Every structure is written in C-alpha cells, then in structure tokens.
Amino acid sequence: MLLDKLNNKKSYLCSLMEKRVRVRFAPSPTGGLHMGGVRTALFNYLFAKKHGGDFILRIEDTDQTRFVKGAEEYIIEALKWCGIEPNEGVGFGDGPHKPYRQSERKELGIYKKYADKLIASGHAYYAFDTEEELNDMRKRLEAAKVVAPQYNAVTRQNMRNSTTLGEDEVKKLLADGTKYVVRLKVPRNEEIRFNDIIRGWVTVNSAQVDDKVLLKSDGMPTYHLAHIVDDIEMEISHAVRGEEWLPSAPAHILIYRYLGLEEQMPKLAHLPLILNPDGNGKISKREARFPVFPLSWQDPRETAPYIGYKESGYYPEAFVNILALLGWNPGNNEEIFSVAELAELFSFERVHKSGAKFDPEKAKWFNQQYLRKQSDADLAKAFKPLLKEKGYEKDEAFMIDFCKLVKEKVQFVHEFWDHGKYIFEAPTSYDEKVITKKWNAQSKEVFTKVLETFKSVSDWKMQPIHDAFEALVKETGKIDMQLLRVLITGVAGGPQLFDMIALIEKEEVLKRLEAALSKL
RNA sequence: GGCCCGUUCGUCUAGGGGUUAGGACACGUCCCUUUCACGGAUGAAACACGGGUUCGAUUCCCGUACGGGCUACCA
C-alpha cells in the first residue's frame with residue numbers, strides 16, 4: 001500500500017520531468033504521399049497538439065536512386081491541404097535544428113560522426129564486399145538450405161570486412177579509396193526487449209537481426225542510422241511510425257545502446273497499417289478503385305495521374321476524420337470530429353494493434369456529413385463553377401434555392417449536377433419502366449389538363465403551382481406524380497417535384513410537357 | 001520458409017471473467033410521403049478454432065488456423 005503510494009508519486013514526478021513532446025513525420029520523397037502516410041502524420045500531429053508539443057517535418061532523402069522530383073513539394077502541399085501542418089521543418093520554416101533534409105545534414109558530416117563513434121567502440125565495422133560477393137554469399141547460403149540468408153555474426157566471418165581482414169589491410173583498402181559500407185555489429189545471440197506504446201513489450205533475439213548497413217558506399221547514411229541520429233539531435237520524444245518498422249526496431253535499440261544514448265531514446269509507437277478494402281495487403285495505388293492520395297499526384301515516371309481526395313470532391317476535414325478513425329477511436333459512439341476535437345481526445349492507448357481495412361463507402365458517408373454542415377450559400381458558391389463548366393449560369397438566389405433542394409441527395413458537390421441536371425436540361429427520353437407501367441389511354445387527356453393548369457399559373461412559385469395542381473386533382477381525381485415527374489425530367493428519381501418545377505422556368509416546363517404529350 | 005505483430009457482425013469498431021455482445025457504413029422491412037429523398041423505427045448480421053485456468057471465458061493462458069508486416073548499400 002505504502003509502496004504503491006510511493007510508486008505513484010514517483011511516476012507522477014517522472015511524468016513531470018518528462019521531456020517536451022516533440023514528434024516528427026519523416027517521409028522519403030520517393031513518390032506522392034499516400035493516405036497511410038497522411039494518417040501517420042496525423043497521429044503525430046494530434047499527439048503533439050494534445051501535449052502542446054512540436055510537430056516536425058523531416059525529409060529522409062538518403063536514397064538518391066529513388067528520389068522523385070516534385071515529391072517533397074507534394075508532401076508539403078498535401079499536409080497543408082489536410083490542415084495538419086508541422087511547426088518546424090522543411091517547408092514550414094526551419095527551426096533550431098536545421099537543416100531538416102537528410103541529404104543536407106549528410107553534407108555537414110553529422111552522420112559520419114556517429115558511424116565513426118560506433119566503429120571506434122567496436123560496434124560497427126567496415127565491409128568491402130562487392131555486390132557480386134554479397135550475391136554469391138546469399139546463393140551459397142540458399143544452396144545450404146539456410147532459410148533467411150543474411151549478413152550477420154556468423155556469415156560476416158567469411159566476408160571481406162574489418163572483422164576478418166588484418167588492420168593493415170583495412171587501412172590500405174581505406175587509403176586506396178576502396179568502396180566500403182559501415183555495418184552494425186549485431187551480437188550473435190542476445191535477447192532484445194523494448195516497450196512499444198501501442199504494442200507493449202516486444203522481444204526479439206539478435207540472431208534474427210542482420211548486420212544492418214549504417215553508411216552506404218556513397219557516404220549516405222541508411223534510414224537506420226540517419227533517423228536515430230536525427231531523432232537524438234532534434235530531441236524527438238516519441239518515434240511514431242508504421243508497423244512496417246517493427247522488425248527493424250531491435251536493430252535501432254542496439255544502435256542507441258552502442259551510442260550510449262538509450263536514456264535519450266524516443267519512446268516507440270508502431271501504428272497499425274491501413275489495408276485494402278477487398279483482397280489483402282496494404283493499399284496499393286495501382287489497383288485501388290478509390291483515391292489513395294490526398295491531392296492528385298502525377299508521377300513523373302508515369303503518364304496518367306492519380307486522382308486525389310481533394311479532386312474527388314472530399315473536404316479535407318472529412319478526409320482527416322476518416323483517417324483518424326482508422327485504427328483509433330475515442331471510445332464512444334461519436335464519429336464526426338474536427339481536428340481540434342481529435343487533438344483533444346487522442347491517445348496512443350486507444351490506437352489499435354491490428355490493421356484496418358479501408359471502406360470507400362463509409363468514406364463517402366463521412367464526406368456527406370461534412371457537406372450537410374455547409375450553408376446553402378457556401379454550397380452554391382462551390383457548385384457555381386462546376387455548373388458553368390456544363391454551360392449554365394444562374395444568379396445567386398437561384399443557386400441557393402437549387403442547392404437547398406438537391407443538397408439532401410448528394411455526398412459531393414459535383415453530384416449536384418448528377419442529381420439536379422434535369423432542372424437545366426430537357427429530357428431526351430422517358431423512363432421506360434414508369435411509362436409502360438403508368439401511361440394509359442387516359443393519360444394524354446389528364447396531362448393535357450395539367451399543361452393547361454400550369455399555363456394558367458401566373459405567379460411561378462412552388463406554392464401557387466402546387467395549389468393549382470391540387471385544385472385540378474380535386475376536379476379530375478388522382479394524377480400520378482411520378483408520371484408527371486417523368487414527363488418533365490425523363491427519369492423516375494430526383495429532387496422534390498414541385499420545388500423543382502418552380503425552379504425550371506415556366507415556359508420551359510410548358511415546352512417539356514408539350515413535347516412529352518406529342519411523343520407519347 | 002524464418003522472425004515479429006495481429007484476429008468481435010461483410011467493413012470500421014465499443015465492450016470485457018457472469019451483457020438480450022452496443023454503435024456506425026452497407027443491406028432488408030415498415031412509418032412519413034400521390035413523386036424523389038431526408039428523417040424515424042425496425043430486421044438480418046460477429047466474439048476464428050481447439051485445449052486449459054475458473055462455479056462461469058468472447059474476455060486470462062497455451063496451441064492451431066488464418067491475416068498482415070519484415071526478411072536490400074529502400075524507406
């Protein structure tokens with residue numbers, strides 16, 4: 001009991017002394033940022049906001065062979081559109097730890113310093129093996145039925161590196177400018193344990209970890225070295241990244257340890273992946289029948305662009321809301337949250353361990369919820385240019401009435417056209433099903449009367465039109481409204497009938513009715 | 001193959017040793033409605049399987065199955 005109290009007090013004090021929350025999103029500019037990446041950025045952002053910390057954008061461009069022009073700019077624009085802006089880093093005003101691009105940091109010799117330290121302490125070594133030699137090694141191991149060939153404590157003994165070569169030979173090779181990489185010297189058999197905020201304790205034996213390359217032969221650090229050096233130097237408190245990094249986390253623990261930085265190591269949080277809705281695996285941009293990028297992305301190596309969420313008509317708030325609820329939820333039945341509300345509610349304790357399949361249908365529903373929050377005037381303003389593209393221009397009052405009428409049927413602004421085009425365009429054909437079912441010998445006479453009645457309406461507004469129609473119904477008996485709808489619009493569905501008729505000009509309605517009567 | 005991580009309705013999920021296992025999307029039915037919707041109500045729909053532990057397990061443990069990730073001088 002007393003011990004519990006002491007422990008509580010201790011952990012309370014510890015939490016007070018905990019370092020400032022500083023998290024980073026660290027994509028590599030190898031293509032457009034896809035929705036999985038956005039969600040990783042989002043969770044980082046929410047966590048930073050929740051704790052009044054910093055959110056940093058770091059560009060991890062250490063692989064020069066995969067660098068894609070425009071990718072970095074795309075990442076910055078995408079984050080801006082989503083409203084999850086870093087307060088430090090590339091594109092968002094450099095901060096005290098600049099530069100934030102790893103290629104630039106490499107020029108400053110930042111990474112080499114750490115690699116040298118590891119070599120000096122015997123935890124890393126030079127490896128001179130050529131690509132062919134590495135391939136031969138793997139082939140040899142495969143032939144010997146080794147299931148997972150890797151450069152490790154055993155195989156390194158048969159390779160050309162500073163653990164097998166004499167000191168003089170190594171010196172000579174280095175002096176000659178021989179190409180080399182620096183590898184981490186992973187122990188042969190050692191339990192590595194770490195505590196992941198989301199997954200709890202994870203244990204891996206070092207035998208499963210290969211001697212990771214730290215410094216490539218072009219002098220660039222690999223991700224493994226670079227992100228650790230930068231996380232330390234940028235005082236990152238929590239490393240929040242995708243689940244795909246979980247298997248290499250033990251190697252990272254080792255690097256921190258050998259650098260004597262285990263105490264300053266950021267806490268780890270590995271996020272579950274976003275999976276394909278149908279089939280298996282993580283979302284692939286090629287096969288997806290829904291957008292995978294926040295903004296349209298034109299890959300310079302491909303011809304056709306990938307259409308983004310923005311261009312598909314999604315509100316950024318809806319897009320972010322969807323992403324937030326993939327792998328996390330606040331624990332109640334609510335689903336619609338602003339970014340500010342999400343930041344208030346967010347915690348890693350409520351992040352799932354398992355991957356979530358993305359449901360494009362539900363995504364549309366989310367957008368609909370946000371669309372309904374818009375005012376009719378805002379919707380009118382948003383739809384006006386789309387209508388103009390179709391060749392129609394209307395005044396603001398009309399647009400507002402139109403949006404008010406069609407609003408309940410749409411999930412996206414562009415759907416105002418799909419669901420409301422009948423108002424602008426006369427039918428070219430009439431719904432077969434409705435006609436065969438409902439058009440009969442008396443119809444022509446009845447609708448001729450409707451035509452006459454409409455002609456007599458002088459104040460062309462919904463109520464007078466409706467009143468006149470009702471008066472006619474009293475006189476003639478029931479008149480099928482769906483049939484009337486089809487005669488005017490050609491289709492069985494659509495917005496409220498009399499509101500719609502009022503929105504179409506009187507002359508046009510009469511013209512359409514006359515045309516229908518002559519054709520049927 | 002090996003290693004790691006996971007598994008509640010079709011999907012996203014709540015819950016958690018004793019519950020009629022809750023909500024949302026999608027789907028069905030009904031109500032409202034002379035049209036079309038919205039809305040409301042309602043229905044069908046889940047604890048992967050097998051062993052433990054326990055008075056009792058969907059919940060804890062162990063296996064199996066299944067899914068995912070990783071297995072590069074890519075991140």
Side-chain angles (χ1 to χ4, degrees), chain A residues 26-31 60-63 65-66 102 127 129-131 134 138 145-151 179-183 196 198-200 202-205 207-210 212-224 226-227 241-250 270 272-273 275 277-278 280-282 322 325-336 350 352-366 368 372 405-410 419 434 469-470 473 478-486 488-489 491-500:
Chain A
S28 59
T30 53
E60 308 217 325
D61 55 347
T62 54
D63 187 350
T65 64
R66 292 207 310 157
Q102 288 184 330
D129 316 280
T130 63
E131 203 179 328
L134 288 170
R138 290 191 189 105
K145 298 240 160 53
V146 174
V147 285
Q150 55 179 21
Y151 207 115
K179 289 265 180 198
Y180 69 89
V181 300
V182 174
R183 284 181 182 271
D196 185 281
I198 294 168
R199 280 145 213 285
V202 177
T203 309
V204 181
N205 190 288
Q208 304 302 328
V209 182
D210 66 337
K212 295 232 177 301
V213 170
L214 266 20
L215 232 43
K216 302 186 238 185
S217 56
D218 63 0
M220 276 284 188
T222 59
Y223 169 83
H224 305 293
H227 93 274
R241 71 229 304 193
E243 192 183 5
E244 69 269 23
W245 292 109
L246 203 48
S248 52
H270 289 95
L273 266 18
L275 273 18
D278 42 49
N280 305 313
K282 51 183 177 182
I322 295 159
L325 261 51
L326 243 30
W328 173 88
N329 78 84
N332 58 32
N333 284 336
E334 287 173 56
E335 294 190 289
I336 304 299
R350 296 205 64 89
H352 291 170
K353 295 183 175 78
S354 52
K357 283 186 185 170
F358 174 66
D359 182 358
E361 287 308 311
K362 186 140 189 183
K364 292 178 189 168
W365 175 82
F366 270 104
Q368 185 176 33
R372 286 185 183 173
L405 178 60
V406 185
K407 184 179 184 177
E408 65 190 19
K409 309 182 80 79
V410 306
H419 292 278
V434 177
F469 182 77
E470 286 301 318
V473 168
K478 190 179 159 182
I479 299 169
D480 193 290
M481 278 177 69
Q482 196 179 31
L483 202 43
L484 175 58
R485 172 186 287 281
V486 170
I488 292 172
T489 69
V491 297
Q496 284 280 356
L497 186 51
F498 285 101
D499 288 293
M500 185 169 61

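Quick caveat: nothing in here was measured; it's all calculated off a predicted structure. Values reported hereafter were calculated over all heavy atoms of this structure, with side chains retained and with hydrogens, waters and symmetry mates removed. Order of the sequence lines fixes the chain letters, A, B, ..., with proteins taken first and strands second; residue numbering starts at 1 for each chain.
- Across rG50(B) and rU13(B), the matching C1' atoms stand 27 Å from one another, rounded to whole Å.
- Using a 4.0 Å cut-off between charged side-chain N and carboxylate O, R66(A) and D63(A) make a salt bridge.
- Listed candidates were rG68(B), rC12(B), rA72(B). Nearest to the side chain of L273(A) is rG68(B).
- With hydrogens and angles ignored, no donor-acceptor pair closer than 3.5 Å exists between the side chain of T222(A) and the base of rC73(B).
- Look at CH2 on W365(A): it is 6 Å from C1' on rA24(B), rounded to the nearest Å.
- Residue contacts shown for K282(A) are limited to sugar-phosphate atoms, with no base heavy atom under 4.0 Å away.
- Rounded to the nearest Å, the gap between the P atom of rG39(B) and that of rA24(B) is 12 Å.
- Taking the C1' atom of each, rU54(B) and rC70(B) are spaced 39 Å apart, rounded to whole Å.
- At a threshold of 4.0 Å, the pair E335(A)-K362(A) counts as salt-bridged, since one of the basic side-chain nitrogens sits closer than that to a carboxylate oxygen.
- Nucleic acid contact for V181(A): base, since at least one base atom lies under 4.0 Å from a heavy atom of the residue.
- In this structure, D210(A) pairs ionically with K212(A), as a charged nitrogen and a carboxylate oxygen lie closer than 4.0 Å.
- If you check every strand for non-hydrogen atoms under 4.0 Å, Y151(A) touches nothing.
- With hydrogens and angles ignored, no donor-acceptor pair closer than 3.5 Å exists between the side chain of K409(A) and the base of rA37(B).
- Taking the C1' atom of each, rC62(B) and rU42(B) are spaced 43 Å apart, rounded to whole Å.
- Using a cut-off of 4.0 Å between Lys/Arg side-chain N and Asp/Glu carboxylate O, E243(A) and R199(A) are scored as salt-bridged.
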